[in-house]
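Presented below is the structure to which this report refers.
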Amino acid sequence: QVQLVESGGRLVQAGGSLRLSCAASGRTFSTYDMGWFRQAPGKEREFVAAITRNGITTDYADSVKGRFTISRDNAKNMAYLQMNSLKPEDTAVYYCAAVQGSYYYSRRSTYDYWGQGTQVTVSS
């Protein structure tokens, strides 16, 4: 129903910033809640941030709270993850995900649609 494509990942030094983008297809983007997840080598995919369809409510993993900001622009079918004060432990493949109307937005199983991921590498 919706296709997601992440972009913006790259190599960055510790303390630096990146903004990841998630482009969604279709004309129903505003009906989806959006999430960002990440997966480091040898680790499970973990919740990073989520935003409701109207963009008013957000939630963050404790590990990124105060450093990362999730946002969206429904007119452009875009979701974003602004990452500041990056740390080497933020190194991972970052994925955006979409679901229509779920309460449990921090769970991987909640999301029906996933992008292919974009690599973020933070050097020390």
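Counting from 1, the numbers follow the sequence of the chain as shown.
- Note: Tyr95 OH to Trp36 CH2 = 11.5 Å, rounded to the nearest 0.5 Å.
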Check: Given the rule in the side-chain hydrogen bond (donor to acceptor under 3.5 Å, both in side chains) test, do Ser17 and Asn84 qualify, once you have shown the distances and angles that lead to the verdict?
Finding: CA-CA 4 Å; Ser17 297; Asn84 299 326; 2.9 Å; yes
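- Rounding to the nearest 0.5 Å gives a distance of 8.0 Å between CG of Asn77 and OG1 of Thr28.
- Both tests hold for Arg19 against Tyr80: distance to the six-membered ring centre under 6.0 Å, angle to the ring axis within 45°.
- Remark: the backbone N or O of Gln3 is paired with a side-chain donor or acceptor of Ser25 at under 3.5 angstrom.
- Cluster annotation: Val99 and Met78 are assigned to distinct hydrophobic clusters (Ile/Leu/Val/Met/Phe/Trp/Tyr, side-chain heavy-atom contacts under 4.5 Å, transitive).
- Minimum heavy-atom separation, Leu81 to Ala49: CD1-CB, 4.2 Å.
- Note on Met83 and Tyr60: same hydrophobic cluster, where clusters join Ile, Leu, Val, Met, Phe, Trp and Tyr whose side-chain heavy atoms are under 4.5 Å apart, directly or indirectly.
- Nearest heavy-atom pair, Arg67 versus Leu86, reported as atom, atom and distance to 0.1 Å: NH1-CA, 3.9 Å.
- Taking hydrophobic clusters as Ile, Leu, Val, Met, Phe, Trp and Tyr residues chained together by side-chain heavy-atom distances below 4.5 Å, Phe68 shares a cluster with Val12.
- Side-chain contact check for Gln13 and Ser123: no donor-acceptor pair (N or O, by modelled atom type) lies under 3.5 Å.
- Trp114 carries Arg45 over the face of its six-membered ring, with the cationic atom under 6.0 Å from the centre and within 45° of the normal.
- Using modelled atom types and a 3.5 Å distance limit, the side chains of Tyr94 and Arg38 yield a donor-acceptor pair.
- Ring to ring, Phe37 and Phe47 are close: their centroids are under 6.0 angstrom apart.
- Hydrophobic clustering places Leu18 together with Met34 (ILVMFWY residues linked when any side-chain heavy atoms are closer than 4.5 Å, directly or through intermediates).
- Between Ile51 and Thr58, the shortest heavy-atom distance links the atoms CG1-CG2, 3.8 Å.
- Cation-pi geometry between Arg72 and Phe29 is met: the NZ or CZ atom falls under 6.0 Å from the ring centre, inside 45° of the normal.
- Pairing each heavy atom of Val93 with each of Gly117, the nearest pair is CG1-CA, 3.8 Å.
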